[in-house]
Structures are given as structure tokens and as C-alpha cells.
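Computed over heavy atoms, backbone and side chain alike; hydrogens, waters and symmetry mates excluded.
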Amino acid sequence: LPSALAPPSVPPDRPTMLCGSLLTLSAVGVSLAFNPSAIVPPVYRTRSLGARAFVAPAPPTPSSSCLSMSAASGAMNECMLTPEGYGFDSLLSRIITESGSAGRYVRAEADEIISDVMDKLTPREGIDHSSSSCALVFEGEAFVGIFTERDYVDFSMERTTKATTEQESAAYLLASVSKYVTPTADVIAFSPDATASAAIIAMRENGIRHVLVSPSENNGYVGSDAEITGVLSLQDIMSHVQKDERLSLQKLVKKFPGLADPIAQVQEEQKSYANEMAKQPGVGKNDIIKVGISLVGAVGIVTFLFSSTWLHENALLGMVGIFIVGYAGIILEEVFEFNKAAVALLMSTALWITYADFFNSSGKAGTTVLAELGDQLSEVSEICFFLLAASTIVEVVDAHQGFKVVTNQIKTTSKVSLFWVIGFLTFFLSAILNNLTVTIVMVSLLRKLIPNDYDRRLFGAMVVVAANAGGVWTPIGDVTTTMLWINGNLSTIPTVSELFLPSVVCLVGSLAFIARQVEEDDSLENSTLPEPSSLSTRGLLVFWSGIACLLVVPVFSELTGLPPYLAMLTGLGAMWTLTDIIHMGDEESDVLKVPAALSKLDTAGILFFLGILMSIGVLDKSGLLKELAVFLNDNLPGQEIIATVIGIASALIDNVPLVAATMGMYDLADYGMDDKLWQLIALCAGTGGSIFVIGSASGVALMGLEKVDFLWYAKKVSVGAAVGYFAGIAAFLAQTQVLNMVFPPAMAAVEVINNNGGILM
């Protein structure tokens with residue numbers, strides 16, 4: 001072995017050996033479960049071809065595509081752990097040389113009887129055949145075939161079924177071995193330069209346990225005159241791979257003595273590997289060229305804009321252009337391979353620079369702009385801190401398996417039934433919790449219920465639609481309804497009674513359309529959920545404490561007058577203290593505490609949220625959204641059309657500034673509390689955000705939690721969300737018409753009865 005793999009002077013500790021065994025078993029599982037293209041990408045395994053088992057694999061099906069990706073990832077991680085030429089990349093010639101496998105077969109003549117050959121393969125005192133699990137059969141110097149324990153089993157089964165007398169059975173025992181060998185034409189062979197991974201895959205694909213190693217190998221076959229180097233069994237190869245893996249882990253212990261966790265050691269080695277790969281010829285040059293071109297382009301554009309008077313004269317137009325380009329970058333994230341969080345942050349910065357330095361400005365941000373920036377950052381930070389605290393509480397509950405309280409009640413194995421159950425559960429939860437919190441909770445639950453990535457994204461999109469619809473009909477559900485409620489445009493009882501039915505219609509319309517894409521299969525049987533079992537007292541305590549922290553948010557805000565994020569942070573502090581008390585003195589329970597939950601949060605998703613809301617905020621501060629609202633009021637006939645268009649606009653632009661602008665357009669003196677205009681605006685702004693994934697806080701949260709991109713959502717969900725949106729509006733207008741027809745005559749009749757009460761008595 002090279003010095004890099006030389007074992008240390010001390011034996012490996014238990015965690016290292018355990019980690020080595022786990023990694024090896026994982027690698028075996030990868031090798032035996034997935035297609036060759038996933039295990040042996042040509043760019044990494046150039047010497048792995050040469051067996052007839054290697055055929056062009058069929059394109060992966062949607063259900064297995066995620067597994068193939070996992071396999072490729074596992075292969076890459078293994079490659080980083082062991083150097084080239086070791087582990088699964090070991091040459092078969094090296095395995096034979098270092099393990100002495102060249103002598104691990106028995107030579108037999110074609111006319112030998114089977115009992116004599118088996119006698120050679122049977123361990124006896126003084127003769128070590130313990131590693132000889134097969135015999136190579138020759139007729140003179142010509143290779144006839146291979147005889148293994150599987151061939152002996154086939155021989156025994158034939159004798160048992162066909163030999164009816166003792167004489168016939170004895171005749172079978174005297175049969176020559178050449179009649180029952182696996183013939184040369186069916187023996188899979190590899191050249192000595194083939195890799196362990198190729199041999200393992202060949203064994204898996206062909207259901208065999210031995211491969212022949214021969215320099216005479218030709219496309220996986222050998223002839224009768226083949227020169228044979230040795231025979232390798234699956235056990236031979238995997239023992240050698242495990243040895244390399246264990247030595248590699250021992251090397252990591254020596255290389256990173258300050259890291260006790262083997263996983264942390266492997267992660268550090270991966271970083272070192274990535275750095276070494278970056279030193280390859282041409283890599284640095286390409287990096288410099290790509291960064292240089294991008295930098296020159298950016299500097300050129302900025303220099304032109306700052307030196308030209310165009311931006312001073314057309315600042316609003318420039319802001320619109322920046323917003324369009326930024327949103328295009330977010331929408332086409334998969335095409336350009338730019339992370340949407342980075343694009344959102346750059347877009348918000350560019351918009352604020354343009355607004356501060358060029359919009360009615362002398363070239364430098366004034367005190368007014370700085371105050372507006374502070375106000376906007378304060379508003380956005382409230383939402384980000386709210387999201388941070390709520391996500392952490394949900395993560396802590398999940399760590400204690402608290403969601404068993406819910407999952408134990410879900411008995412169905414039908415995906416369509418589960419789709420509707422989750423939809424209505426989300427709908428009613430979002431009426432008492434805000435829809436952002438509900439989305440976080442339900443997506444966490446779906447990760448346990450739905451094993452398939454595609455199905456989970458579809459269910460997650462359904463959660464967004466259901467959460468937005470459910471948040472409309474209560475003052476504490478959706479932020480826009482809350483805004484109208486706090487401002488005095490809506491009151492509690494009329495909002496609940498008159499928006500409930502349209503919200504249900506919106507939900508049912510959307511889900512009925514989206515549910516057609518749910519295909520029934522047995523994937524729910526493969527869910528990661530264990531069998532229903534009782535939850536420990538500790539788990540119940542954490543679950544109900546977490547739910548209480550979420551439910552108390554609106555009550556806290558109502559009683560204290562303080563913003564909701566402070567209530568959520570208070571709940572996080574309470575959960576933090578609770579878990580610290582529960583696990584006090586138990587060092588092995590660190591993974592169940594709040595710091596561990598914080599480490600799992602999607603920071604990129606929160607930063608994306610920050611960038612989007614800061615961008616929308618500067619458009620609001622500049623008056624662009626107000627101008628849009630005024631334009632709609634002047635050019636669209638009827639308040640119903642205006643509210644509908646505002647809802648559609650909220651699919652692309654945050655509904656909070658849109659509703660705020662609408663509240664400024666219409667005076668409460670003209671449209672009093674609980675006017676149909678305010679109710680319709682609440683309905684449209686709340687449910688319209690479901691049409692596109694970036695139209696609501698729930699959708700943006702889903703993008704971060706489940707990596708749902710804009711185009712996928714538009715293709716799979718937008719039409720269904722739009723169907724529900726217009727169905728909800730139609731239901732509201734029909735309900736209003738019916739109420740106008742029924743209630744005025746009824747109220748008039750009541751008034752007549754009251755006026756004539758004395759006569760009737």
C-alpha cells in the first residue's frame with residue numbers, strides 16, 4: 001500500500017471501524033441496487049468496461065430517477081474517500097496479488113466425477129481449501145468451464161427429481177463433472193485492468209458470485225485456450241474494498257486528530273478533495289475566464305448607467321427593468337444555474353441603489369430614503385425572524401417524533417385519499433394559524449408520509465393552495481385579511497360567515513383539478529413512517545408545547561399589541577428552555593435540542609425570502625405599485641374586475657403592498673366596514689397568490705423547503721390554482737346575489753312584524 005493508506009501504529013477505534021463498515025455496506029447496497037451508469041460514470045471509471053454485463057441501461061423511470069441520483073452521489077462520495085485505484089476503483093489484478101486469490105480455485109479434469117471434485121472443495125484437516133469455492137474444469141489444456149456450488153445444487157436437484165432408485169442415484173454420483181459445469185461460453189470474464197465496481201455490477205446483473213480474471217478476455221468472454229490469472233468471488237472483492245475503506249478512515253483519523261466524529265472527518269476530506277480537483281490543469285484558467293467575463297460585463301453596465309443621464313431621467317423604468325431581469329433569473333434558475341437566493345439579493349440591492357441614488361436624488365441616498373430602507377428592513381426582518389422561529393419549533397417537534405400524534409391517525413394507503421385529507425387539514429389549520437406556519441408544518445409532515453420526490457412536490461403545491469385558501473376566511477389566517485381587519489375594513493363575524501363558502505369552493509376547485517395528476521401506486525407502503533405506536537410522554541410534551549407556541553401567536557399579539565414575530569420568538573425561547581430541561585445532563589441528546597434544529601434550517605431559503613420582500617418593498621416606496629392600482633381603477637370597469645386583476649397581479653407581486661395600495665385608493669367613508677369590495681379584495685389577494693409559486697409567502701417557503709422551481713409549478717399547478725381562484729370569485733358573487741335577494745325582503749318583513757307587534761298580540 002502507498003504511504004497515504006499505510007495503517008497507523010494503533011488499531012482503529014470503534015467509531016472508525018463502525019463508520020468504515022457502514023460506508024462499505026452502503027457502497028455494496030449502491031453497487032447491487034442501481035444501474036451501471038449510476039455507479040460507474042464513464043468520466044470517473046474509465047477502466048471499468050470489459051464485461052458483457054455492461055449494456056446501455058434504459059433511461060431511468062420517474063420513480064427511480066431520484067435513486068439513480070443518490071447512487072451517483074454515493075459513488076462520488078466514495079471516490080473522495082479513497083484515492084484512485086483503491087476501494088471500488090481497485091484493479092482486479094491488485095486484488096489478486098494482495099489477497100493471494102490466484103490459487104483460490106481447484107483445477108479439475110473434465111472426466112473427473114462430481115463426488116471427487118466436491119471432495120477437493122471440501123475443507124479437510126491438513127488441507128486448506130477454505131477459500132476454494134469453485135473448480136475450473138479442463139480437458140487437457142483446454143478450458144471447459146467452471147463448477148461452483150450453484151452447479152452442484154442444480155446437479156443435486158436433478159438427481160433428487162429424476163433418480164427413482166438407488167442405482168440411478170449412484171449413477172448420478174459417478175457422472176463426470178463436465179456434464180454439469182457452467183460452460184466457457186457462459187462464463188463472465190474480466191481483464192486484470194478492470195475495476196472492482198465493474199465486477200460487482202456484472203455479478204449483480206447476471207446473478208453470479210464468481211468472475212474469471214484473464215488477460216485473454218474479449219468483451220466479457222474467454223476461449224478454451226484462455227490464460228487464466230485467477231477467479232474472484234464477491235466475498236473476495238468486498239473484503240478487499242472494506243479493507244481499503246477502513247484504512248482510509250484510519251488515515252482520516254491521523255489527518256484530522258481534532259475531529260472525533262468520523263462523518264466530520266469525511267466531510268473535511270471531501271473539502272480537501274475538491275481543492276485538489278480545482279488544482280487540475282485548466283480548471284483555474286476556466287474559473288478566471290468565467291469570473292473575468294462576468295466582472296467585465298457587470299462593471300461595463302454599471303459604469304454606463306452611472307455615467308449616463310438616462311438612469312437619472314428614467315429611474316422608474318430602470319427599476320422595472322431590473323425587477324423583470326431579476327424575476328427572469330429566478331424563474332429560469334435551472335437554466336442559468338444561478339441560485340435564486342443570490343439573484344434575489346442582487347436584485348434587491350440594485351433596486352435600492354437605483355431608488356436611492358437616481359430617483360429624485362442628487363446622486364446619494366438622503367435621510368428619507370435611509371428611513372424608508374430601515375422601515376422596509378424592519379418589516380421584512382419581522383417575517384424572516386417569524387419564519388426562522390416557526391421552522392425551528394417544527395424541527396424540534398419533529399426531532400422528538402411529535403408528529404406521530406397526527407401520522408398515527410392516517411391509515412389510508414391511497415394517495416388520492418391522502419391528498420384530500422392533507423388538503424382539508426391544511427385548510428382548517430391555516431384558519432387558526434397563519435398560512436406560512438401551516439406550510440412549514442405540513443411540508444415537514446409530508447417528508448415523512450410521501451417517499452417519492454415528485455409526489456411530495458405535488459402534495460406540497462397542494463398545501464400552498466390549501467393554506468392560502470384557508471387563511472382568507474379568518475382575520476388571523478392570511479396577512480392581507482389581517483391588514484384589512486386591523487385597519488377597520490373588515491370585522492370578524494361577517495368575514496367568517498361570508499368568505500368561508502367561497503374559500504371552500506376555491507379549495508375544492510383547485511384540488512379537484514390538481515388531484516388528476518396523482519397516480520395511485522404502492523409508494524405509501526414504502527413511506528418512512530414506522531408502524532403506528534404510542535408516543536412517549538416526552539414526545540407528547542414537546543408536541544403539545546410546540547402546538548401551543550404556534551397557536552398562542554395571535555392571542556399574544558392581540559393582548560399585548562406587539563408584532564407576531566415577537567410572539568413566535570418567545571415560543572422558540574420557551575421550547576429551547578423546555579428541551580434543555582428535559583435533556584439536562586444527557587450529552588447524547590444534543591441532536592434533539594434547538595441548536596441541532598437551527599443547523600438544519602434552510603438559510604438560503606430565508607435569504608431568498610429577504611431579497612424578494614426587499615425588492616417588492618422598494619417598488620412600493622417608489623410609488624410604482626400605487627400607480628399600478630390607480631391605473632387599474634381608471635381603466636377597468638367595475639370593482640369586481642379590479643379586485644380580480646389585483647388577485648392575478650398578486651400571483652407575481654407580493655399581495656401585501658398591493659392590498660395596502662388598494663386601501664389607500666378607496667376611503668372607508670365611501671366603502672364602509674365589511675363592504676363587499678373589501679371582502680372580495682381579501683378573497684382575491686389571498687387566493688390569487690397561489691397561481692404562481694412566488695405569489696405568496698407559502699409558495700416562497702415551499703421553494704426553499706422542497707426546491708420547487710417556478711417553471712415546474714407553473715406547468716403542474718398554476719392552471720388548477722387559477723381554476724379554483726375563479727371558482728371562488730364566482731361563488732362569492734353568487735352568494736352576494738342570493739343574500740341581496742333574500743335578506744332585504746326578510747328584513748322588511750321583520751320590520752313590518754315589529755311595527756305591528758301590538759296588533760298581532
Side-chain angles (χ1 to χ4, degrees), residues 381-409 425-426 429-449 463 467 476-477 479 529 533-603 605-607 609-610 697-698 701-702 704-705:
S381 298
E382 290 184 11
I383 299 176
C384 290
F385 279 119
F386 185 96
L387 177 62
L388 175 72
S391 301
T392 307
I393 291 174
V394 170
E395 194 67 47
V396 170
V397 172
D398 183 50
H400 290 81
Q401 296 190 326
F403 291 118
K404 273 190 174 183
V405 175
V406 178
T407 56
N408 282 347
Q409 307 305 316
L425 179 61
T426 303
L429 279 177
S430 64
I432 56 176
L433 301 172
N434 69 84
N435 47 15
L436 180 60
T437 303
V438 172
T439 300
I440 296 169
V441 171
M442 298 310 295
V443 170
S444 298
L445 181 61
L446 289 176
R447 288 175 176 172
K448 293 184 172 294
L449 290 171
V463 165
I476 60 173
V479 62
L529 284 176
S533 60
S534 60
L535 188 60
S536 66
T537 303
R538 174 181 294 176
L540 287 171
L541 177 61
V542 172
F543 173 78
W544 289 114
S545 297
I547 295 299
C549 289
L550 298 176
L551 290 176
V552 81
V553 170
V555 178
F556 178 96
S557 299
E558 184 69 22
L559 294 178
T560 65
L562 295 172
Y565 82 93
L566 189 59
M568 193 62 78
L569 288 174
T570 303
L572 175 59
M575 291 294 293
W576 200 324
T577 304
L578 174 66
T579 52
D580 282 348
I581 293 173
I582 289 175
H583 301 293
M584 188 177 296
D586 186 1
E587 295 181 359
E588 296 183 358
S589 298
D590 287 345
V591 294
L592 303 177
K593 296 181 180 180
V594 170
L598 286 169
S599 67
K600 297 179 182 179
L601 295 185
D602 181 21
T603 307
I606 295 176
L607 291 176
F609 208 80
L610 173 70
S698 302
L702 179 67
L705 293 170

Check Gly571 against Ile393 and note the closest heavy-atom contact, atom names and distance. C-CD1, 3.9 Å

Just how far is it from atom CG of Leu702 to atom OG1 of Thr439, taken to the nearest 0.5 Å? 7.5 Å

Taken to the nearest 0.5 Å, the spacing of Ile582 CD1 from Thr577 OG1 works out to 11.0 Å

Let me have the donor-acceptor pairs involving side chains of residues 560-568, under 3.5 Å, with sequence neighbours excluded, atom names and distances please.
residue : atom : partner : partner atom : Å
Thr560  : OG1  : Phe556  : O            : 2.6
Thr560  : OG1  : Leu562  : N            : 3.2

Ignoring hydrogens, what is the shortest heavy-atom contact between Ala389 and Leu569? Give both atom names and the distance. CB-CD2, 3.9 Å

Find the distance between OG1 (Thr579) and CE (Met584) and round it off to the nearest 0.5 Å. 10.5 Å

Quick check for you: to the nearest 0.5 Å, what is the distance between Glu395 atom CD and Met575 atom CE? 11.5 Å

Can you give me every donor-acceptor pair (side chain of residues 537-551, partner residue at least two apart or in another chain, under 3.5 Å) with its distance?
residue : atom : partner : partner atom : Å
Ser545  : OG   : Leu541  : O            : 2.6

What pair of heavy atoms forms the shortest contact from Met442 to Thr426, and how long is it? CG-OG1, 3.5 Å

Working note: Leu607 + Leu610, criterion side-chain contact (heavy atoms from CB on, under 4.5 Å); need CA distance, chi angles, decisive distance, verdict. CA-CA 5 Å; Leu607 291 176; Leu610 173 70; 4.3 Å; yes

Restricting to non-hydrogen atoms, name the atom on Ala596 and the atom on Ser599 that form the minimum distance, rounded to 0.1 Å. O-OG, 2.6 Å

Non-hydrogen atoms of Ser430 and Ala467 that approach each other most closely: OG-O, 3.2 Å

Does some side-chain heavy atom of Leu598 sit less than 4.5 Å from a side-chain heavy atom of Trp576? yes

